[in-house]
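Notes to accompany the following structure.
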Amino acid sequence: MPELPEVETIVQNLSSKIRGAEVSSFRLFFPGLIRNKKKKILEKLRGRKIINIRRRGKLILIDFDNDLTLLVHLKMTGQFVFYPSHESVDKHTHFILSFKGQKQEVRFRDVRKFGFIQCLLTSEALKLINLGPEPLEISFSSFQNLFKGRQACLKSLILNQNFIAGIGNIYANEILFEAKLHPINSVSLLKEEELKRLWKAMRLVLKRALKHRGSSIRDFKDAEGRVGSFQNFHQVYGKESLPCPHCGARIERLRIGGRSSFFCPQCQREKSKILIEP
DNA sequence: ATTCGGACCTGAAAGC
DNA sequence: TGCTTTCAGGTCCGAA
């Protein structure tokens, strides 16, 4: 479900509600959710205060005042939502954190159970995962450097979290449309001017999506239970056979690296590796 | 060294 | 009304 804009939206919700809150109790319904071998480590969170909630790529990090951090990945259908404590718990709720003096508790729900939570030392939390730079923080020249010596196909590369962190399938499609670049192009063929378009498109699309509090296609809800609205502004994602909003050509769908890729064959031209001289 | 399919899960929607 | 197939905001792993 969640890519950078959705995860950031949830992190903002959580920050405003539970930064500084003290954990009174937790409940774990699906032990497989916790990646640590010893689930008992969670006991160390009881009575501790949350000092910070951060995002890195698509990961949520909840830092506690005893140098422990909960690393959370929502994967496809994970949700963090506040519920009144008295409300009944449904079968997709796998973990609940309750706070001292608060009538609301935060519940982790995940229909497909792909998501995970891991409890780590704060200083170690990001060391396990090799994440690329943040797309909204990287300068153009650093961005350009990332591509040196690479020759993968463009769409696969920007979906690769080691390359750049936080972009998933929806935003990869939308960014490439905005940049007018064909998803299957090899990055080795891109000129500086095209990389600049890509960098600008990446920033523009992600910032717009943040402003609209993410895209809700089927499962995404923020921590207040609200849906995002950026799905209303998608140009190509999920729009196979519909007219391109720019030129009217029919949007096509292609499978790249096992993921659906939507693009306008007119606006996003494929580059041929073979130069045909007349 | 990359790329591919399958695996991990469940449920909604489409196809027959 | 079924029953079956396909698809889904992600990532990991092992085999070609």
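No donor-acceptor pair under 3.5 Å is formed between the side chain of A:E270 and the backbone N or O of A:N185. In terms of modelled atom types and a separation under 3.5 Å, the side chain of A:D110 and the main chain of A:F114 share a donor-acceptor contact. Counting only distance, with no hydrogens or angles, the side chain of A:K239 and the backbone of A:C244 share no donor-acceptor pair below 3.5 Å.
Sequence neighbours left out, the pairs with a member in residues 144-164 of chain A that pass ring-ring contact (aromatic ring centres under 6.0 Å, His included) are A:F143-A:F147, A:F147-A:F163. The side chain to side chain donor-acceptor pair (under 3.5 Å) analysis of residues 116-127 of chain A, with sequence neighbours excluded, yields the pairs A:T69-A:T122.
Annotation: C:dC3 and B:dC9 have their P atoms spaced 25 Å apart (nearest Å). Using atom P as the reference point in both C:dT11 and B:dA1, the two lie 23 Å apart (nearest Å).
For DNA chain C, the stems formed by at least three consecutive Watson-Crick or G-U pairs, with both atom-pair distances below 3.5 Å, span B:2-8 with C:10-16, B:10-16 with C:2-8.
Geometrically, A:R35 engages A:F116 in a cation-pi contact defined by less than 6.0 Å to the ring centre and at most 45° from the axis. The side-chain tip of A:K17 points at the ring of A:F82 from less than 6.0 angstrom away and within 45° of straight on. Geometric assessment of A:R197 against the ring of A:W199 yields a negative cation-pi assignment under the 6.0 Å and 45° thresholds. Note that A:K49 lies outside the cation-pi zone of A:F64, set by a 6.0 Å cut-off to the ring centre and a 45° limit from the axis.
Residue A:Q161 places no side-chain N or O under 4.0 Å from the OP1 or OP2 atom of C:dG10.
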What pairs of nitrogen or oxygen atoms, one from the protein and one from nucleotides 5-7 of chain C, lie under 3.5 Å apart?
none

Report summary line: In 5'-to-3' order, the base (B), backbone-only (S) or no-contact (-) status of each nucleotide in nucleotides 9-16 of chain B, using a 4.0 angstrom heavy-atom cut-off, is BBS-----
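Ring planes of A:F263 and A:H182: tilted class, angle from 30 to 60°.
Within residues 70-78 of chain A, the residues having any heavy atom closer than 4.0 Å to DNA chain C are, in order of number, A:H73, A:K75, A:M76. A heavy atom lying under 4.0 Å from DNA chain C marks the following residues of residues 224-241 of chain A, by number: A:Y237. Using a 4.0 Å cut-off on heavy atoms, none of the residues of residues 175-184 of chain A approach DNA chain C.
In this structure A:E105 satisfies the salt bridge (Lys or Arg N to Asp or Glu O under 4.0 Å) test together with A:R27, A:R107, sequence neighbours excluded. Under the salt bridge (Lys or Arg N to Asp or Glu O under 4.0 Å) criterion, A:R250 pairs with no residue, sequence neighbours left out. With sequence neighbours excluded, no residue satisfies salt bridge (Lys or Arg N to Asp or Glu O under 4.0 Å) with A:E192. Residues forming a salt bridge (Lys or Arg N to Asp or Glu O under 4.0 Å) with A:E134 (at least two apart in sequence, or on another chain): A:R55, A:R56.
Put simply, the side chain of A:L254 does not reach to within 4.5 Å of the side chain of A:F262, judged on heavy atoms. Residues A:R109 and A:H94 form no side-chain contact, since every pair of their non-hydrogen atoms from C-beta on lies 4.5 Å or further apart.
Nucleotides of DNA chain C nearest to A:P2 and A:R35 differ in position, and the one nearer the 5' end is that of A:P2.
Among the heavy atoms of the strands lying under 4.0 Å from A:D219 is at least one base atom, whether or not backbone atoms are also near. Residue A:E6 is out of contact with every strand shown, counting any heavy-atom pair closer than 4.0 Å.
Of the N and O atoms on the side chains of A:R255 and A:S260, at least one donor lies less than 3.5 Å from an acceptor on the other residue.
Pairing each heavy atom of A:A21 with each of A:F99, the nearest pair is CB-CD2, 3.7 Å.
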